[in-house]
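These notes are about the structure you will find just below.
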Amino acid sequence: MAYVFTPPAVVSVPVQGSADAFPVHRIYCVGRNYADHAKEMGGTGREAPFFFMKPADAVLVAAPGTTVSMPYPGLTANLHYEIELVVAIGIGGSRILASDAHKHVFGYAVGLDMTRRDLQNDMKKQGRPWSISKGFDHSAPIGIITPAAQATAVETAEIALQVNGTDRQRSNIAKMIWNVAETIEKLSEAWELQPGDLIFSGTPEGVGPVVRGDTMVGSVTGLHPISVKVV
């Protein structure tokens with residue numbers, strides 16, 4: 001069978017210690033998964049998990065030892081950073097129990113859920129979907145994936161983001177409202193997870209704007225940090 005045009009290349013993320021790459025299927029994101037961030041966004045501090053998505057080709061790989069350039073997106077004057085632990089799914093499934101969730105995790109990475117905050121706020125006020133604020137080009141910077149067996153104590157790791165060398169976000173993965181296993185359980189009730197899925201697991205408090213020329217450095221203890229410059 002021939003295609004009417006050449007299909008795009010498979011979106012993928014490098015894997016630590018391997019020549020093989022992780023092919024991306026879907027990107028799921030968890031909203032308001034740290035109590036203090038939920039409060040700063042107008043929530044109660046604890047609520048049932050909710051999810052939104054980004055297209056797979058929103059991925060922007062930040063290789064170790066380099067600073068990747070992220071173009072400032074159009075239609076916004078208020079681009080925000082959100083540092084996140086990313087969970088890479090290696091074995092799919094639906095209605096996965098939290099107690100079994102670890103069997104489905106291929107590895108972990110550091111990611112940024114970049115957000116056109118002004119568009120998000122406008123869409124919320126109008127009661128409209130806010131995909132336009134989350135799913136734009138290059139909105140999912142991510143570092144290389146560390147296999148789960150090598151990512152020790154990730155669920156108690158420190159997570160942090162600096163902008164131009166100044167701390168903006170700093171917390172601990174243990175402060176998640178819904179931990180990784182619980183998130184996989186809830187997410188797999190709504191979708192059948194597939195190998196290649198990425199889960200951006202939520203951001204702690206301290207989100208804020210960046211402008212052209214700013215450099216963001218994100219980290220989760222035990223994983224490869226990322227460096228992203230807005231251009």
Parallel, tilted or perpendicular: ring planes of Trp191 versus Phe51, cut at 30 and 60 degrees: perpendicular
In one Ile/Leu/Val/Met/Phe/Trp/Tyr side-chain cluster, 4.5 Å: Leu79, Val68: yes
Minimum heavy-atom distance Val210-Asp214, with the two atoms named: CA-OD2, 3.4 Å
Separation of Arg170 CZ from Ser219 OG (nearest 0.5 Å): 6.0 Å
Over all atoms of both residues, closest heavy-atom pair of Gly90 and Pro195: O-CB, 3.5 Å
Heavy-atom side-chain proximity of Phe136 to Leu75 below 4.5 angstrom: no
ILVMFWY network linking Tyr28 to Leu85, side-chain heavy atoms under 4.5 angstrom: yes
Thr115 and Lys134 side chains, donor-acceptor separation under 3.5 Å: yes
Taking every non-hydrogen atom, the tightest pair across Ala109 and Gly143: CB-O, 3.6 Å
Considering all heavy atoms, the nearest Ile83-Gly111 contact: CD1-O, 3.5 Å
Lys/Arg-Asp/Glu bridge criterion (N-O < 4.0 Å) met for Lys175, Glu205: no
Option passing side-chain contact (heavy atoms from CB on, under 4.5 Å) with Val24 (candidates Asp57, Ile142, Leu198): Leu198
Check: Asn164 side chain, Thr215 main-chain N or O, donor-acceptor pair, under 3.5 Å: yes
Thr203 vs Leu161, side-chain contact (heavy atoms from CB on, under 4.5 Å): CA-CA, chis, key distance, verdict: CA-CA 10 Å; Thr203 194; Leu161 180 81; over 6 Å; no
Stepwise side chain to side chain donor-acceptor pair (under 3.5 Å) check, Gln162 with Asp167: CA-CA 4 Å; Gln162 291 85 40; Asp167 262 17; 2.9 Å; yes
Nearest non-hydrogen partners of Asp118 and Ala77, listed with the distance: OD2-N, 2.8 Å
Joint hydrophobic cluster, Phe200 plus Met114, side-chain heavy atoms closer than 4.5 Å: no
Min side-chain heavy-atom separation Asp137-Pro71 under 4.5 Å: no
side-chain contact (heavy atoms from CB on, under 4.5 Å) between Gln194 and Ile89, worked out: CA-CA 7 Å; Gln194 301 290 334; Ile89 298 297; over 6 Å; no
Chi angles and distances behind the side-chain contact (heavy atoms from CB on, under 4.5 Å) call for Gln169, Val207: CA-CA 7 Å; Gln169 292 183 273; Val207 301; 3.7 Å; yes
Of Gln120, Arg117, Arg116, the residue whose pairing with His80 passes side-chain hydrogen bond (donor to acceptor under 3.5 Å, both in side chains): Arg117
Min side-chain heavy-atom separation Tyr108-Val220 under 4.5 Å: no
Spatial distance of atom CD (Glu192) from atom CD1 (Ile96) [nearest 0.5 Å]: 8.5 Å
For the student: nearest non-hydrogen atoms of His138 and Pro141, plus distance: O-CD, 3.7 Å
Side-chain (Asp197) to main-chain (Arg26) donor-acceptor, under 3.5 angstrom: yes
Gap separating the CG atom of Leu60 from the CE atom of Met70, nearest 0.5 angstrom: 7.5 Å
Gap separating the OH atom of Tyr34 from the CE atom of Met176, nearest 0.5 angstrom: 3.5 Å
Straight-line distance of Ser139 OG to Glu82 CD, nearest 0.5 Å: 11.0 Å
Gap between atom CG of Asn179 and atom CD1 of Ile173 - 0.5 Å precision: 11.0 Å
Any Lys54 side-chain heavy atom under 4.5 Å of Asp113 side chain: yes
Cluster link Val163 to Ile226, ILVMFWY, side chain under 4.5 Å: yes
Derivation of the side-chain contact (heavy atoms from CB on, under 4.5 Å) call for Ile91 and Lys103: CA-CA 7 Å; Ile91 298 175; Lys103 301 174 185 177; 5.6 Å; no
Cluster check Tyr81, Val230: I/L/V/M/F/W/Y, side chain < 4.5 angstrom: yes
Any side-chain heavy-atom pair of Leu193 and His104 under 4.5 Å: no
